[in-house]
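Residue numbers begin at 1 in each chain, while the letters A, B, ... track the order of the sequences. Remember, predicted model here, so these are calculated numbers, not experimental data.
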Amino acid sequence: MSFVLGYYVALIAGSTFAAYTGRRTVFLMLFSLTLASFIVGIIGGEGALRFIATAAGLLALAAAVSYCFREFLVAVTKPSLSKELKTAPLTAAFGMFVIFTYAIAGIFAPWIAPYGESEVITQAFAPRDENLLLGADQLGRDIFSRIIFGARNSVGLALLATTLAFLIGAFAGLMAAVKGGWFDNLMGRTADVIMSVPSLIFALLMLSIFGTALWVIVIIVAVIYSPRVFRLTRAVAGNIVVMDYIEAAKLRGEGDWHLIRKEILPNSTAPLIAEFGLEFCFVFLLIAGLSFLGLGIQPPTADWGSMVRENATLISFGDITPLIPAGAIALLTVAVNFVVDWMLFRSSGLKEV
Amino acid sequence: MGDLLGLVLKRLGLGLVTLLVVSILIFFAVELLPGDTAQQILGQGATEETVRALREQLGLDRPMVVRYLDWLSGAIFFDFGVSAISGDPVTASIGPRFANTLFLACYAAVIAVPIAIFLGVLVALFRNTVFDRVANVLTLTSISSPEFFLGYILILYLAVKTSLFPAISSLSEGMTFGELLHRTFLPALTLVLVVTAHMMRMTRAAIINLLSSPYIEMARLKGMPPFKVIVRHALPNAWAPIINVVALNLAYLITGVVLVEVVFVYPGVGQLLVDAVSKRDFPVVQACCLIFAATFILLNLAADVGTILTNPRLRHPK
């Protein structure tokens with residue numbers, strides 16, 4: 001009872017304060033939440049209100065952490081960069097914070113994880129206790145340790161595939177823009193064909209033929225996603241190639257390679273970096289999907305997609321453990337998307353009205 | 001009108017060529033492998049003679065190009081040869097499953113399309129408000145989550161904790177239509193969540209793009225009420241992008257359906273494909289891939305043709 005009372009007192013006090021200081025949006029949000037809580041409270045009882053309070057608390061915590069992280073980044077970076085960072089929305093700061101956390105987890109995995117990646121320490125599906133933060137999986141391995149190692153394996157593999165896709169796509173795109181003619185046409189048609197098959201289906205076909213070795217996955221995924229990069233690079237570079245300074249460089253007698261490296265690339269980095277982020281999300285989700293289907297990263301390597309599959313039976317007992325690796329995948333993708341959203345917004349120069 | 005017809009025909013022709021190239025890709029990729037279907041059916045212990053006999057029986061001793069043409073002409077009439085594992089005709093196992101997959105995709109589309117377009121237009125009208133920001137974060141989250149994440153969350157809360165819907169969508173003969181809808185609700189809902197988010201974002205972008213064009217500004221400046229601006233000026237021009245968005249997302253459903261079918265153990269083509277891939281049953285893999293690719297290409301084609309047909313400038317040439 002006291003919780004319900006405190007809940008409404010806090011909400012009404014908050015909205016009064018917001019109204020008094022003239023913050024219209026904050027007031028509207030808080031007060032509409034209050035009104036909605038009346039209805040939710042009547043239907044769902046105290047539990048529903050507790051749920052809302054927890055969610056709001058988590059949201060506030062995330063916002064506070066993002067705010068601090070942004071201020072921290074502004075403080076430690078060079079003036080030119082910190083000026084940009086100051087304009088970043090909280091969602092982008094949150095994204096950067098999450099990416100930072102994942103990077104730490106991935107790089108220092110052996111030191112953070114209490115047990116080894118495929119070390120069998122107890123019986124299958126052991127419940128959680130002080131030593132096993134998230135319990136054990138179907139073979140008695142520590143799930144927490146495997147999630148930490150998964151940060152290294154899943155993300156590492158996706159990064160590798162994205163980088164390769166980027167190298168192939170960007171190189172082909174730049175060459176096509178510089179060379180033009182039949183090479184351009186050939187590359188364009190090839191990209192069309194690859195993009196006309198759904199990526200997951202294409203990946204399944206290729207994996208069924210070439211097997212599921214790690215390097216095979218990397219190459220196949222890179223080939224599937226390189227046309228996207230190719231098209232973007234081709235479009236961006238196509239606009240640059242017709243500039244006068246390129247003409248001047250050509251007249252100076254510079255070769256194709258010089259044109260690409262010194263004239264075109266420096267002028268097309270902004271959209272390419274944003275594309276790298278987007279591409280990473282696609283690749284990461286595709287590899288996670290493949291692993292979930294049992295055709296990606298093979299056991300005993302710890303990987304989030306296959307961990308979901310291996311522990312999926314726990315769901316039917318109402319245990320949320322299998323959702324944690326899946327949530328880890330979703331969180332990273334969301335984080336990268338938040339950052340990319342901000343970058344695209346910045347490079348588009350506030351085009352939206 | 002002849003101009004328009006020419007454009008559509010050209011696009012159709014291009015789609016057909018793409019489909020042909022993809023079929024070549026699917027067929028010859030498998031041909032690169034050592035060994036063939038006859039050897040796979042008989043296994044390692046088969047003698048040279050039996051393999052040769054089966055090869056002749058299946059027509060595998062003919063040149064590659066002849067076999068490709070044979071396979072292609074069969075595929076046009078939905079005859080994909082026999083499975084390398086069971087030896088049964090592939091079409092018999094794909095047929096009913098394809099109907100199931102189509103049903104699931106349509107179920108999801110019927111719910112998702114109206115909601116997504118309505119919300120997308122709404123978000124575009126209230127752009128840069130709190131409502132828009134919240135919608136942006138929510139749709140981004142939904143897009144970024146793998147389908148199996150959403151699927152398992154739904155199973156946990158709607159099937160295990162509350163048992164409103166069954167967690168496994170097994171289909172049986174003689175089910176009523178209502179029962180069918182109830183059983184397949186969770187997989188459909190998973191698809192709806194993902195596709196709605198995609199479609200909302202694309203609709204929003206298309207409408208905002210439209211609202212910033214000069215003639216909308218003009219209509220506003222002459223004092224037209226906002227509702228009328230939308231219905232009279234924006235909507236007729238918005239059909240092309242909206243049709244495009246819908247068709248592209250239906251194409252997206254095709255890929256999403258594979259993962260969702262596996263999560264909910266739904267008897268569709270996606271599940272069959274995954275099984276065939278892990279068993280290396282190539283005739284089935286080829287058939288499933290061709291079906292998925294053809295649907296995907298067809299929907300993309302529909303998107304393009306729809307855009308051409310709804311473009312007023314092409315419909316009424318000067």
Checked B:Ile143, B:Asn209, B:Val274, B:Val263 vs chain A; the most non-hydrogen pairs under 4.5 Å come from B:Val274
What class does the angle between the rings of A:Phe292 and B:Phe148 fall in, given that below 30° is parallel, 30 to 60° is tilted and above 60° is perpendicular? parallel
Measuring from atom CG of A:Leu205 to atom CG of B:Leu25, what distance do you get when rounded to the nearest 0.5 angstrom? 7.5 Å
Which bit of B:Leu150 comes within less than 4.5 Å of chain A, counting heavy atoms only: side chain, backbone, both or neither? neither
Could you have a look at B:Asn300, B:Thr141, B:Val17 and say which one has the most heavy-atom pairs with chain A under 4.5 angstrom? B:Thr141
Assess whether atom OH of B:Tyr68 is packed by more than 12 heavy atoms of other residues, nucleotides or ligands within 6.0 Å. yes
Heavy-atom contact with chain A under 4.5 Å, split by part of B:Asn136: side chain
Is the shortest side-chain heavy-atom distance between A:Val197 and B:Phe296 below 4.5 Å? no
Residues B:Arg201, A:Asp341; criterion salt bridge (Lys or Arg N to Asp or Glu O under 4.0 Å); working and verdict: CA-CA 12 Å; B:Arg201 288 178 78 84; A:Asp341 224 30; 3.8 Å; yes
How about OH on B:Tyr215, more than 12 heavy atoms from neighbouring residues, nucleotides or ligands closer than 6.0 Å, or not? yes
As an exercise: rank A:Ile201, A:Leu200, A:Val336 by heavy-atom pairs under 4.5 Å with chain B and give me the winner. A:Ile201
Does a salt bridge link A:Asp319 with B:Lys161, judged by any charged N lying under 4.0 Å from a carboxylate O? no
Taken to the nearest 0.5 Å, the spacing of A:Leu207 CG from B:Ser278 OG works out to 11.5 Å
Rounded to the nearest 0.5 Å, what separation is found between the NZ atom of B:Lys279 and the OG atom of A:Ser208? 13.5 Å
Before giving the answer on side-chain contact (heavy atoms from CB on, under 4.5 Å), spell out for A:Thr91 and B:Val137 the whole-Å C-alpha distance, their side-chain angles and the decisive distance to 0.1 Å. CA-CA 8 Å; A:Thr91 45; B:Val137 170; 4.1 Å; yes
Portion of B:Leu19 that has a non-hydrogen atom of chain A nearer than 4.5 angstrom: neither
Say you draw a straight line from CE of A:Met29 to CZ of B:Phe131; how long is it, rounded to the nearest 0.5 Å? 13.5 Å
May I ask you to test the A:Val308-B:Phe149 pair for a side-chain heavy-atom distance under 4.5 Å? no
Under 4.5 Å from any heavy atom of chain A - which part of B:Val277: both
When rounded to the nearest 0.5 Å, the distance separating OH of B:Tyr152 from CD1 of A:Ile320 is 15.0 Å
Between A:Phe338 and chain B, which part of the residue has a heavy atom less than 4.5 Å away: side chain, backbone, both or neither? both
For chain A, find which of B:Ala276, B:Ser144, B:Gly15 contributes the most heavy-atom pairs closer than 4.5 angstrom. B:Ser144
Do B:Val285 and A:Leu204 pass the side-chain contact (heavy atoms from CB on, under 4.5 Å) test, and can you show the C-alpha distance, the side-chain angles, and the key distance before you say yes or no? CA-CA 9 Å; B:Val285 173; A:Leu204 285 176; over 6 Å; no
Winner by heavy-atom pair count (cut-off under 4.5 Å) against chain B, out of A:Ala326, A:Pro322, A:Ala312: A:Ala326
Please find the pair of heavy atoms, one from A:Ile315 and one from B:Leu156, that lie closest to each other, and give the distance. O-CD1, 4.0 Å
Contact check, side chains of A:Asp192 and B:Thr18, non-hydrogen atoms, under 4.5 Å: no
Heavy-atom distances under 4.5 Å only: say whether A:Leu295 touches chain B with side chain, backbone, both or neither. side chain
Taking C-beta and beyond as the side chain, do A:Phe317 and B:Val160 meet within less than 4.5 Å on heavy atoms? no
Would you mind reporting whether A:Ser196 and B:Val22 have side-chain heavy atoms less than 4.5 Å apart? yes
Where do A:Gly289 and B:Leu259 come nearest, in terms of heavy atoms and distance? O-CD2, 3.8 Å
